[in-house]
Each structure stands twice: as structure tokens, then as C-alpha cells.
Amino acid sequence: MRDTSRRTVITGLGAGLAMAAGGACAAPGGRRIGYAIVGLGRYAELIMSKFAECDHARLTALVSGTPEKLARFGETYGVPASHRYSYADFDTIRDNPDVDVVYVILPNALHAEYTVRAARAGKHVMCEKPMAVSSSDCRTMIEACQAAGRKLMIGYRSRFEPYNRLAIDLARKGFVGPTRIVTSDHGFNAQPNQWRLDRALSGGGSLMDIGIYSLNAVRYLTGEQPVEVSAVESTDRNDPRFRTVEDRITFLLRFPSGIEATCVSSYSSGHNIYRVTGTKGWIELEPATAYEGQRMFVHRDGRTEERRLTPSKGQHAGQLDHFAECILNDTRPLVPGEEGLADLRVIEAIYRSAREGRRITLTA
Ligand code: NDP
């Protein structure tokens, strides 16, 4: 049970922060940036429904290997047949002036190929997390977008979620004193028979899928890059789900200021929580990075308060609008390709540490 002396505080700070992330200024001339969605799976289905909440973004094209989905979602969202593409004719999207952004929502191992093809077709790219299955693929993607003069953003939606933004603000300003420890646990019980459990398509197990939230959160809560990684993996290889990918991986990250983060990534147990502990108290979010339902508790001066924010634009629409505004105003995305690359470099070090049973030092 939590501290019974907790109080509830309602604040508009998160809404203000969300405005800063999602952008408050109007699109010049009211133009809305057109998005093509590539890969019409479960997450794409959610994303497509969020354009209705956007101020600066609209859905203009669909790319899929399943003609039935192209017809069904085309009908639902008013995307004409001329703006529906297969993977084979995807490159002709270069001739479609209604498409400004290609949003890649494919299995992880396909992110690099479609990001590079989109950039070569002259489109800006939003790519889902994990950015790719290796840091070298991430670099190739960044270079392809730079060479094409196009922007690249990674789908780290939590950066547009008001409670996460408030947590970042409080933690980095030292509201509970300088941060000493961060714990961040993410996991769920993976269903069998899906591409996530096939290393060739996923690039890895829980860490590439849900554990990346633990890692990304400790990086954004501290604002620092880890310099040392220690990890332990625990996987039952007799479980048919885990023939080629890991189940649980627990890792410790050390940061330059002395902060330590302990993180869990799991495909066999449910977790969605982080806590930032400073010298004077702590800040906790649970669920921390879910689509909705965040609850925040802040402990300081011997008291625990629940923080409640006034409702604002959701994180998905905030993310879509933010990238649209970056294009309209020629500004840098809050979460560019370099953010995805930074996570992949740490992920590779985590895997290496678990494999070799030793600490790995990360250089800048
Ligand atoms: P799904 O399996 O639901 O969808 C993936 C889609 O990719 C398929 O439906 C299919 O669409 C297309 N596809 C193309 N080639 C293949 C292939 N060889 N095997 C399987 N599918 C293929 O996955 P999700 O939507 O859950 O995940 C997609 C991406 O989005 C992943 O990178 C994941 O990490 C990310 N994601 C991010 C979330 C977030 O909160 N930011 C949440 C969930 C996922 P089609 O039939 O149209 O070709």
C-alpha cells in the first residue's frame, strides 16, 4: 500500500509541456502534412485512427502486402485507390505529391530497407522503435535521410505523453533532489507464433520490443548517456516461444554523474513502471509508458502526492503533429534518428554483456 498521507495535485503543467512537444504554433497556410503508412498491422491500425485528433497531419496513402487491407482501410479513411501501394510498387510513391512522410510500421528487420527506400523517394521518414536491428543499420538510415535532405524521426511516443514529460521536467530540475537511482521495468507475456519471436524479423526478444522502453526512459529521465552496462539474461530455451530470442534480460546502467539505473525487460511477466529516486524523494509512474492510464506519484518531504494533469492531446496525435510541424517549420525532431541509434548502441552492449558475462564500457 502507498503512503496514506498522499494528496492529489492537479496541474496544467503537463498540458503546457505537451503543447511544447506537440507544437502550439499553427501550420503556415494551414497545410497539413500527408503521411503514408507502411505495414497495416495492429499498431498501424491504432495510428490510422489518431489522425482524426491531429491539427497538422493527415493520412494520405497506404502501403501493404495484403490487398484486402488496402481496400478496407482505404475505404475507412478515404484513401483513394491511386494512393494505395504494394511493397513491390512502393518506390513509385516518389511521384505522389500528397505524401510528405512515410511512416514505417513494419517488423523491425524491415525498418532499415523501407526507411532508405522512402528517403530515396524524396520523403521524410517516421520509423517505429526499435529503429533497426543493428547500430550499423541505424547509421545507414541516418545517412540515407541526410543524403536525401529529408528528416528522420523515431516513434518514441512517450516523449509526447504529458506525465512522462512532467517526470522528465521534475527529475531533471531536481524536484526530488539530484537523481541517484532509476528503476525501470517493462514486460508482458508474449503470445506464441508471431514475428516478434523470430529473430530474423525482430532482431532479438523482449529487449528489442518492450525492454527498449526501460532503456529509453532512463535515458530521457536522466538526460545522460550510459557509460557502462552489465546484463544478465534468463531464458527457458525449452519454451517454444524462445527458440531464437531471449525472454528476460536484467541490466544495470551507469551514467557519468554517478546515477545508476536498474532495468527489467521481460517476455514472460507483466511490468510497466519506473521510479526516479533522488536525494530528497522519488517520482513514480505506473503504468509508465502505456497508451493511456498513466498515474504519477511524487514523494517529497515525507509525503506522497498523486499528480493529476488536465487532459490534453494524446501522445499518438502529439507525435504525428510534432513531426508535421518539424517539416512545416524546418526544425529538428525531438526524437531524431540519433535517438534510435543511441538506444541500439546500448542494446548491443547489453546483449554483449549478457553473452560474455562481463561489464561493457561504452564510449561516446
Ligand atoms: P503486426 O504484426 O501487427 O504488423 C506488422 C505488419 O507488417 C503486418 O500486419 C504486415 O502488414 C506487415 N509485414 C510485412 N512483412 C511482414 C512479415 N514478413 N511478417 C509480418 N508482417 C509483415 O506488428 P505491430 O504492428 O505490432 O508492430 C509493427 C512495428 O511497430 C514494430 O516495429 C513494433 O516494434 C512497432 N510497435 C510500436 C508500438 C509503439 O507503441 N510505439 C506498439 C506496437 C508496435 P501488411 O499485411 O499490411 O503487409
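Ligands are counted one by one from 1 in listed order, and the atoms in each one are counted from 1 as well.
For the residue pair N238 and R243, no side-chain donor N or O sits within less than 3.5 Å of a side-chain acceptor on the partner. E224 and S257 form a side-chain donor-acceptor contact under 3.5 Å, judged by distance and modelled atom types alone. Y103 and E128 share a side-chain donor-acceptor pair at under 3.5 Å. Side chains of Y156 and D343: a donor-acceptor N/O pair is present below 3.5 angstrom, by distance only.
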message: If you apply the rule ring-ring contact (aromatic ring centres under 6.0 Å, His included), what do you find for F323 with H56, and how did you get there?
response: CA-CA 9 Å; F323 196 42; H56 308 292; over 10 Å; no

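For the pair A44 and ligand 1, the shortest N or O to N or O distance does not fall below 3.5 Å. Considering backbone and side-chain atoms alike, P130 places every N or O at 3.5 Å or more from each N or O of ligand 1. Considering backbone and side-chain N/O of L110, none are found under 3.5 Å from N/O of ligand 1.
Ring centroid separation for the pair Y114 and Y87 comes in under the 6.0 Å cut-off. Residues Y274 and H186 keep their aromatic ring centres 6.0 Å or farther apart.
Taking every non-hydrogen atom of R157 and a distance limit under 4.0 Å, the qualifying atoms of ligand 1 come out as 39 (C), 40 (O), 41 (N). Near T66, meaning under 4.0 Å from one of its heavy atoms, ligand 1 places the atoms 45 (P), 46 (O). Heavy-atom contacts of G155 reach the following atoms of ligand 1: 41 (N) (cutoff under 4.0 Å).
In this structure N108 satisfies the side-chain hydrogen bond (donor to acceptor under 3.5 Å, both in side chains) test with no other residue, sequence neighbours excluded.
Summary of contacts: the protein heavy atom closest to atom 26 (O) of ligand 1 is R196 NH2, 2.7 Å. For atom 34 (O) of ligand 1, the nearest non-hydrogen atom of the protein is K129 O, 2.8 Å. Summary of contacts: the protein heavy atom closest to atom 4 (O) of ligand 1 is G41 CA, 3.2 Å. The closest protein non-hydrogen atom to atom 32 (O) of ligand 1 is N108 OD1, 2.8 Å. In terms of protein heavy-atom proximity, atom 21 (N) of ligand 1 is nearest to P107 CG, 3.5 Å. In this structure, atom 29 (C) of ligand 1 lies nearest to the protein heavy atom L106 O, 3.3 Å. Shortest contact from atom 23 (O) of ligand 1 to any protein heavy atom: W195 NE1, 3.3 Å. Shortest contact from atom 9 (O) of ligand 1 to any protein heavy atom: K69 NZ, 3.0 Å.
Distance alone, capped at 3.5 Å, places no donor-acceptor pair between the T262 side chain and the T183 backbone.
Distances from atom 18 (N) of ligand 1 to the heavy atoms of D198, L201, V104, I154 put L201 nearest.
In this structure, Y114 falls outside the shell of residues with a heavy atom less than 4.0 angstrom from ligand 1. The shell of residues lying under 4.0 angstrom from ligand 1, judged by heavy atoms, excludes M208. Under a 4.0 angstrom heavy-atom cut-off, Y291 registers as being in contact with ligand 1.
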